[in-house]
Every structure is written in C-alpha cells, then in structure tokens.
J.: 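Questions regarding the structure given below will be posed in turn.
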Amino acid sequence: MTSATRQPETPAPAVPPRLIATDLDGTLLRDDKSVSPRTVAALAAAEEAGIEVFFVTGRPARWMDVVSDHVHGHGLAICGNGAAVVDLHGGPGAHRFVKVRELARDNALDAVRLLRDAAPGTMYAVEQTYGFHQEPEYPKLHMELPDHLAPAEELLAPDGPGGAEPVLKILAYHPSLDPDGFLTTARLAIGERASVTRSSPSALLEISGPGVSKASTLALCCAERGISHEEVVAFGDMPNDVEMLTWAGRSFAMGNAHPDVVAAASGRTVANNDDGVAVVIERMLSGRP
C-alpha cells in the first residue's frame with residue numbers, strides 16, 4: 001500500500017475545466033450525509049460558470065435523494081460505480097436509467113464461485129436496477145430490507161428473483177478479513193471475469209461487469225459531450241475512486257482519503273467534513289491555484 005504522506009503540488013491549470021466529477025460519501029457529503037450550504041453554493045457557482053457537475057458514486061439510484069435537489073442542467077449522475085447513468089430530474093422515486101452496463105449473470109455466478117473458494121465465509125447480496133436481494137446470512141449493512149432472501153446462486157439464476165432485470169453489481173462481505181487484503185484476494189481469484197473494488201471501511205466488496213468503473217463510464221459521458229479528460233476535475237476518497245482520479249486531468253484526494261487514493265490523485269484537499277470539494281471549486285473559480 002502506498003504511503004498516505006505524499007502531498008503533491010498542484011500547479012495552476014493549463015486547460016480550463018469543463019466538468020467536475022465528484023464522489024459522494026466521504027467526499028462531497030459530510031459524515032452525517034448532508035450537503036453543506038457552502039458546498040451547495042460552490043456547485044451552483046460552478047454550473048453558473050458553465051462547468052458541468054457529475055455525481056459519480058457507488059450508491060444505487062434509489063439512494064440519490066440526498067443530492068437530487070442539487071442537480072443542475074443535465075441532471076445526470078453515475079451510480080453503482082459506473083454500472084448506470086441516471087437522470088435525477090424526475091425526483092425521488094422517479095429516476096430514469098439513461099445507460100446500464102450490467103454484470104452478466106454467468107460472470108456473476110463465476111465470481112461468486114471463485115470467491116467462495118478463495119475466501120470461505122463470504123456472504124453476498126445482489127444489486128439490480130430496481131431490486132435488492134441478499135443471502136440470509138448477509139448482515140444488515142444497507143438502508144433497506146431486501147426483496148428476497150436466498151443463496152446467491154439462486155438469486156443470480158436466469159429464473160431467479162428479478163430474472164428479467166439487469167444485475168448492476170454483487171456485494172461480497174466477509175466478517176473477519178482485512179478489507180484491503182480481501183480486495184486483493186478477490187481480484188486475484190476473479191481475474192477478468194468482473195471488476196472488483198470497495199468503498200466501505202469494512203470488508204465489503206463491490207463486483208461489477210468487466211471494465212465497468214467510475215472512470216470508464218465517466219469517459220463515455222465525457223466523449224458524448226466532446227469533453228477531454230484534461231478538462232475534467234475529479235474528487236474522491238476510497239479505492240473505487242482510484243481509476244477516475246487517475247483518468248481525470250486534475251484530481252483531488254480528500255483529507256480523509258485512503259492511501260491508494262492519495263497516491264492516485266494529482267492534488268489534495270481538506271476532509272469532507274471541512275468542505276474539501278467546495279474549497280477547490282472556490283479557488284478554481286477565482287483563478288487561484
């Protein structure tokens with residue numbers, strides 16, 4: 001793991017930003033899951049200056065109410081670590097899926113089988129566009145009750161619950177393994193069958209389709225708008241942000257960020273509870289480096 005002490009200098013930008021991509025939990029949101037008035041004002045000022053703001057999160061679409069009131073212009077968000085692009089303009093409960101990058105059920109079943117062998121005791125949940133299902137032993141980690149309880153192999157079967165609905169990702173939880181060690185184990189075991197990352201402080205992994213990440217879906221959205229990666233400013237705090245921070249022309253690790261995020265980003269800002277995203281946006285709009 002890379003040391004958290006690296007604090008690179010951030011030079012004045014050579015290319016004016018056209019898009020801000022920000023993670024939510026641990027980044028834009030404070031620990032109480034609120035968006036501070038300072039951050040609300042900074043996001044509005046960026047949009048007014050012609051800079052698009054994209055929320056890029058591991059959250060499912062139905063958990064986006066926390067920022068639905070703060071979308072401007074396009075109203076789009078990237079959810080599920082890149083598995084879906086969602087239009088938030090409909091408001092709570094009325095989000096529209098614009099793009100879905102699903103995890104094929106065969107790949108998901110392979111990932112479950114391989115990780116069961118590599119890390120016995122792993123428990124699973126299945127995240128779909130609208131449904132959420134879990135194994136009976138999977139702990140209550142989320143803000144809702146599951147639609148179905150069954151072994152992962154049954155949940156992922158073509159004729160299983162929500163069989164006609166795309167799978168966005170599977171969640172793998174282990175009660176005792178080190179989170180970073182569990183991530184390494186899973187990536188080695190699953191290989192190219194799926195993309196594996198994590199955003200939780202616990203040993204909870206998020207498994208998506210091959211090549212699906214915040215970065216790859218953000219790149220697709222930017223290409224549709226004629227925006228290059230040099231024109232993107234990104235913010236994040238956990239391993240599921242690393243690819244996005246590496247891809248963006250400028251990127252900032254939060255003061256509370258995981259060491260791998262610090263190593264990947266080109267700059268640092270203060271912690272989420274100190275409005276680190278707003279601090280950078282304010283300086284950027286004022287022309288200060």
Side-chain angles (χ1 to χ4, degrees), residues 8 10-24 27-28 39-59 61 64 67-90 95-102 129 166 168 195 197 208-236 240-253 261 264-267 269 277-289:
T10 306
V15 179
R18 292 180 58 195
L19 187 142
I20 292 168
T22 178
D23 173 51
L24 294 182
T27 300
L28 188 80
T39 297
V40 170
L43 296 177
E47 291 277 1
E48 187 175 347
I51 303 171
E52 293 190 67
V53 176
F54 262 69
F55 301 128
V56 188
T57 178
R59 287 181 173 229
M64 295 300 289
V67 291
S68 290
D69 291 338
H70 309 301
V71 296
H72 306 269
H74 58 80
L76 299 179
I78 296 172
C79 299
N81 290 327
V85 180
V86 182
D87 185 346
L88 302 182
H89 276 147
H95 303 145
R96 180 175 65 89
F97 285 87
V98 176
K99 187 190 302 289
V100 173
R101 304 180 68 194
E102 66 181 291
T129 43
L168 298 186
S195 298
T197 189
S208 306
V212 174
S213 69
K214 290 184 175 185
S216 61
T217 301
L218 178 61
L220 291 174
C221 292
C222 287
E224 292 169 355
R225 288 159 174 74
I227 296 174
S228 69
H229 73 96
E230 291 93 347
E231 297 171 303
V232 176
V233 180
F235 298 87
N240 64 329
D241 297 313
V242 165
E243 293 93 342
M244 178 175 73
L245 299 180
T246 303
W247 177 82
R250 279 183 292 157
S251 57
F252 293 86
V261 174
S266 59
T269 184
V277 173
V279 168
V280 173
I281 293 175
E282 290 165 358
R283 289 177 178 172
M284 188 169 64
L285 295 179
S286 71
R288 291 179 290 155

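All values below come from the heavy atoms of this structure, side chains included, with hydrogens, waters and symmetry mates left out. The shown structure was predicted, so the numbers you read here are calculated from the model rather than taken from an experiment.
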J.: Look at the side chain of Ser216 and the backbone N and O of Gly211, then say whether any donor-acceptor pair between them is shorter than 3.5 Å.
T.: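 Yes; at least one donor-acceptor contact below 3.5 Å.
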J.: Measure the spacing between OG1 of Thr217 and CZ of Arg101 and express it to the nearest 0.5 Å.
T.: 4.0 Å
J.: Going from OG1 on Thr39 to CG on Leu28, what distance comes out if it is rounded to the nearest 0.5 angstrom?
T.: 5.5 Å
J.: What heavy-atom pair brings Ala46 and Ile20 nearest, and what distance separates the two atoms?
T.: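 The pair with the smallest heavy-atom distance is CB-CD1, 3.8 Å.
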J.: Is the number of heavy atoms from other residues, nucleotides or ligands under 6.0 Å of Glu48 CD greater than 12?
T.: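 Incorrect, the count does not exceed 12.
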J.: Return the set of residues passing side-chain contact (heavy atoms from CB on, under 4.5 Å) with Val242 (not counting sequence neighbours), or none when no residue passes.
T.: Thr246, Asp260, Val261, Ala264
J.: Which heavy-atom pair separates Val86 from Ala61 by the least distance, and what is that distance?
T.: CG2-CB, 3.8 Å
J.: If you compare all heavy atoms of Val15 against all heavy atoms of Glu231, which two are closest, and at what distance to 0.1 Å?
T.: CG1-CG, 3.5 Å
J.: Tell me, please, which residues at least two apart from Ala42 pass side-chain contact (heavy atoms from CB on, under 4.5 Å).
T.: Ala278, Ile281
J.: Between Lys99 and Val85 (side chain of the first, backbone of the second, donor and acceptor by atom type, cut-off under 3.5 Å), is there such a pair?
T.: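 Checked: no pair found.
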J.: How are the rings of Phe252 and Phe235 set to each other: parallel, tilted or perpendicular (split at 30° and 60°)?
T.: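 Rings of Phe252 and Phe235: parallel, as their planes differ by under 30°.
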J.: Quick check for you: to the nearest 0.5 Å, what is the distance between Thr22 atom OG1 and Phe55 atom CZ?
T.: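 Atom-to-atom, Thr22:OG1 and Phe55:CZ are 7.5 Å apart.
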J.: At what distance, to the nearest 0.5 angstrom, does CZ of Arg283 lie from OG1 of Thr269?
T.: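 Here the interatomic distance stands at 6.5 Å.
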J.: Heavy atoms, side chains only, cut-off 4.5 Å: are Leu24 and Met64 in contact?
T.: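 Of all side-chain heavy-atom pairs linking Met64 with Leu24, at least one is under 4.5 Å.
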J.: Is a side-chain N or O of Glu47 found less than 3.5 angstrom from the main chain of Val53, in a donor-acceptor match?
T.: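 Confirmed, Glu47 side chain pairs with Val53 backbone.
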J.: CD1/Ile227 to CZ/Arg18 distance, rounded to the nearest 0.5 angstrom?
T.: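 With rounding to 0.5 Å, CD1 (Ile227) is 4.5 Å from CZ (Arg18).
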J.: For the side chain of Thr57 and the backbone of Asp23, is there at least one donor-acceptor N/O pair under 3.5 Å apart?
T.: no
J.: Provide the closest heavy-atom pair for Met284 versus Ile51 in the form atom of the first, atom of the second, distance.
T.: CE-CD1, 4.4 Å
J.: For a 4.5 angstrom cut-off between non-hydrogen side-chain atoms, does Cys222 reach Leu19?
T.: yes
J.: Closest approach of Trp247 and His229, non-hydrogen atoms and distance?
T.: O-ND1, 3.1 Å
J.: Out of curiosity, Leu76 CG to Glu224 CD, how far, rounded to the nearest 0.5 Å?
T.: 9.0 Å
J.: Give me the atom names and distance for the closest heavy-atom approach of Cys79 to Arg59.
T.: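 Here Cys79 and Arg59 meet closest at CB-O, 3.2 Å.
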